[in-house]
Structure formats: C-alpha cells, structure tokens
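Note sheet for the following structure.
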Protein chains: 2
Amino acid sequence: MAHLHPHPHSRERDPECLHCQALDRAREAGLRRTRALEEVLRLLISASQPLTLANITEAQVLADKADRATIYRLLTKLERLGIIRRLGLHDRSAYYVYHVPGEHNDYLICTQCGQIRRLDLDCPAEELEKQISKDNGYSCLYHELSFYGVCPVCAAA
Amino acid sequence: MAHLHPHPHSRERDPECLHCQALDRAREAGLRRTRALEEVLRLLISASQPLTLANITEAQVLADKADRATIYRLLTKLERLGIIRRLGLHDRSAYYVYHVPGEHNDYLICTQCGQIRRLDLDCPAEELEKQISKDNGYSCLYHELSFYGVCPVCAAA
DNA sequence: ATACATGCAAACATTTTGCTTTGGC
DNA sequence: GCCAAAGCAAAATGTTTGCATGTAT
C-alpha cells in the first residue's frame with residue numbers, strides 16, 4: 001500500500017507506481033504539474049492513515065513552502081476529481097486519503113485520544129451499495145464505515 | 001421511531017415513552033430537570049434525521065430562549081452519557097441523534113445538496129464489532145456507516 | 001501570452017471557554 | 001443554601017474567499 005515514489009521529481013513513468021498513476025490522472029484532468037501537486041500526492045500515498053489539511057501543510061517537504069490556501073484548493077480539486085477522498089472522522093477537521101480505484105478502507109478511532117488505525121477487513125457494505133443505489137436512485141455511491149471505541153491505552157488511564 | 005412525548009411538561013411517567021426513558025436516564029446520571037434538557041431530548045427523539053447544534057438552538061420551542069453555549073454543553077453531557085450520539089457527516093458541523101439502546105441507523109447523504117436520509121437496513125457491521133473489539137482490545141465499540149452519492153434531483157441538474 | 005496556481009490577508013462558520021447569575025434540588 | 005445549569009461575551013479552531021502576483025503550458 002504505502003508504495004513510495006521511487007523517482008522523485010523525475011518525469012519517468014512507472015506504470016506500476018501509484019504516484020505516477022495519480023499524477024497522470026491529475027494531469028489528464030487538466031491540473032498543472034506543480035510542486036504542491038507532487039508533494040500532496042506523495043504524502044497522501046505514503047501515509048498509513050488519513051491526513052488533515054494541517055498535517056499536509058506542516059509536513060517537512062512543504063513547511064514554509066506551501067500556503068494553507070493553496071493546499072486547500074488543491075485538495076478540493078483532487079477530491080472533486082475522485083483522486084483523493086475526504087473523510088468525516090468526528091474530528092473538527094477533515095481528513096484526506098488517497099483513493100486507489102476499487103479499493104476501500106475502514107477505520108477504528110479511539111474516542112478518547114483520537115488515534116486512527118486503518119482496519120483491514122472485508123467490508124460488508126460493499127454489496128449494499130448497489131442495492132441502495134438502485135433503491136434510491138443515487139449515483140456515484142461510495143461509503144464510509146468507521147468504528148469508534150476506547151483504545152486499551154485510554155481504557156487503562 | 002418518532003415516538004412523540006404524549007404529555008409535555010408533566011411529571012407522569014409512561015415507561016413506554018422514549019422521552020420519559022431518556023429523561024429518566026439523564027436524571028439518573030445526575031442531570032437536573034431543566035427546560036433545555038426536556039426540549040433537547042424531545043427534539044432529538046421526534047426528529048427523523050440528525051440535527052445540528054444550530055438546528056436545535058433555532059427550533060421554535062427554544063429560539064431566543066436558549067443559549068448556544070447551554071445547548072452545546074448539554075449535548076456534550078448527553079453524548080458522554082451515551083444518551084445521544086454525535087455523527088460526523090462530512091458537513092462542517094456535528095450532527096446529533098437520540099440513541100435508543102440497541103438500535104442503530106445508517107445514512108445516505110447527497111454529496112451535492114447535503115440532504116440526509118435515514119436508511120432502514122440490516123447493518124452488516126453489527127457483527128464485525130465484536131470481532132474488532134476483541135482483535136484490537138477496544139471497549140465501548142460502536143460504528144457509523146454512511147453512504148455518499150448524488151441524489152436524483154442533483155443528478156438531473 | 002494565457003490561463004491556472006500561489007501567497008497573503010481577511011472573512012466565515014462553528015465550536016469551545018470564562019465568568020457571573022439563575023434556579024433545581 | 002449549595003451546586004449544577006444558564007446566559008452572555010469573547011476566544012479558539014478550522015475552513016473558505018478575494019485579489020494581486022508568479023509560473024506551467
């Protein structure tokens with residue numbers, strides 16, 4: 001999953017590389033190849049958990065080099081294009097994940113400390129999607145399944 | 001579901017009445033019987049969809065009679081007590097629903113207009129909860145399943 | 001050369017807190 | 001009377017926009 005881009009800033013294309021794929025999708029949609037685009041995609045692709053706008057803006061590679069507003073607008077575009085996905089995880093802020101076409105992740109969140117872990121499970125909602133789509137006439141359906149509870153560490157304290 | 005309290009402001013107790021049950025739970029937890037408590041519970045119980053803090057504060061019965069901060073603190077307490085539940089539905093603001101012990105609801109949200117509809121389905125995540133709880137050592141587990149898509153109206157436009 | 005992307009600053013929306021007063025028990 | 005709850009006002013947090021400038025194409 002956390003497939004790192006093997007050739008930063010180069011123009012070579014490795015069709016297996018998630019980062020290249022993402023970049024291609026973005027370019028095809030008309031986005032320009034900017035530093036912010038590259039870094040945002042790289043960060044999201046290599047992250048093992050959802051990231052907030054603040055997380056991204058403050059990341060080493062971007063700190064003091066990228067503006068909140070720029071990243072915000074970029075994330076918004078990428079979401080609209082379906083390249084990334086925005087999650088509502090009870091926090092005040094929005095979380096973003098890279099969206100691998102056809103893949104899906106669920107999360108387990110501690111209601112005390114806010115820790116987020118990705119769950120690796122056969123999501124049972126997958127099948128329901130078609131049915132719900134048909135029943136309600138909705139298109140472009142996707143879903144979000146999150147589990148909330150108290151993690152062992154917080155339970156001890 | 002939307003069981004209305006049949007005897008507002010009275011002290012009679014109908015053990016079948018959701019509103020009475022909720023009130024009892026709150027009182028047992030030490031909350032005082034205030035106007036805000038009664039109205040907030042009534043609103044949430046009779047609502048057919050999740051409500052925001054703003055929704056509640058601006059409701060007829062409470063408008064100009066209740067302060068945002070008061071309702072906010074009350075909602076926070078009720079959530080901590082497990083009497084209501086807070087949902088993260090992608091909107092900027094938090095949504096609240098009354099939590100009937102043992103019951104669970106899933107939602108279908110239009111990503112364009114934000115409309116929220118409650119889904120009536122056999123939630124397949126119910127079973128996963130125990131497993132996840134065991135696997136990860138989390139306690140007090142619950143989950144939230146939401147479907148996002150474009151509703152027919154927005155699709156037409 | 002022409003858009004699109006950026007940066008900076010300011011506006012917004014919503015949540016959260018401090019402190020004094022009110023009112024349930 | 002005591003302590004929780006209410007009310008008011010202000011702070012904090014995170015998102016969103018306007019506009020002038022820079023830059024990829």
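Numbered from 1 within each chain, the chains take letters A, B, ... in sequence-line order. Computed from a predicted structure; not experimentally measured.
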Once you round it to whole Å, what is the distance between [atom2] of [N] and [atom1] of [X]?
X: B:R33; N: D:dA5; atom1: CZ; atom2: C1'; result: 16 Å
X: A:K65; N: C:dC8; atom1: NZ; atom2: C1'; result: 19 Å
X: B:L75; N: C:dT16; atom1: CG; atom2: C1'; result: 13 Å
X: B:E58; N: C:dT14; atom1: CD; atom2: C1'; result: 12 Å
X: B:L81; N: D:dA4; atom1: CG; atom2: C1'; result: 14 Å
X: A:R35; N: D:dG22; atom1: CZ; atom2: P; result: 18 Å
X: B:L74; N: C:dG23; atom1: CG; atom2: P; result: 17 Å
X: A:L23; N: D:dA24; atom1: CG; atom2: P; result: 14 Å

Can you list everything that forms a side-chain contact (heavy atoms from CB on, under 4.5 Å) with A:T111? Sequence neighbours excluded, please. A:Y148, A:V150, B:Y142
The helix from C:dA1-D:dT25 to C:dC25-D:dG1: angle between its terminal axes, five pairs each, to 10°? 40°
Quick test of your reading: applying ring-ring contact (aromatic ring centres under 6.0 Å, His included), list the pairs with at least one residue in residues 32-58 of chain A, sequence neighbours left out, ordered by first then second residue. none
For residues 101-127 of chain A, which residue pairs qualify under ring-ring contact (aromatic ring centres under 6.0 Å, His included), counting only residues two or more places apart or in two chains?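 Counting only pairs at least two positions apart or across chains, the ring-ring contact (aromatic ring centres under 6.0 Å, His included) contacts touching residues 101-127 of chain A are A:H104-A:H143.
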Between the side chain of [X] and the main-chain N/O of [Y], is any donor-acceptor distance below 3.5 Å?
X: A:T76; Y: A:Y72; answer: yes
X: B:D67; Y: B:A69; answer: yes
X: B:H90; Y: A:G88; answer: yes

Within the structure, does a side-chain N or O atom of [X] lie under 4.0 Å from either OP1 or OP2 of [N]?
X: B:R27; N: C:dC25; result: yes
X: B:K77; N: D:dA5; result: yes
X: A:T34; N: C:dT6; result: yes

Under the salt bridge (Lys or Arg N to Asp or Glu O under 4.0 Å) test, which residues partner B:R86, sequence neighbours left out? B:E79
Closest to side chain of B:R32, choosing from C:dC25, D:dT25, C:dT6: C:dC25
Using a 4.0 Å heavy-atom cut-off across all strands, classify A:T70 as base, sugar-phosphate, or nothing. base
Is A:L31 touching bases, backbone alone, or none of the nucleic acid, heavy atoms closer than 4.0 Å?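 It contacts sugar-phosphate atoms only.
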Pairing of A:R25 and A:E28 as salt bridge, 4.0 angstrom limit: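 Salt bridge absent between A:R25 and A:E28.
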Tell me if the CZ atom of A:R68 is crowded by more than 12 foreign heavy atoms within 6.0 Å.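 Atom CZ in A:R68 is not packed in, count stays at 12 or less.
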What does the B/S/- profile of nucleotides 13-20 of chain D look like, 5' to 3', with a 4.0 Å heavy-atom cutoff to protein? BBBBBBB-
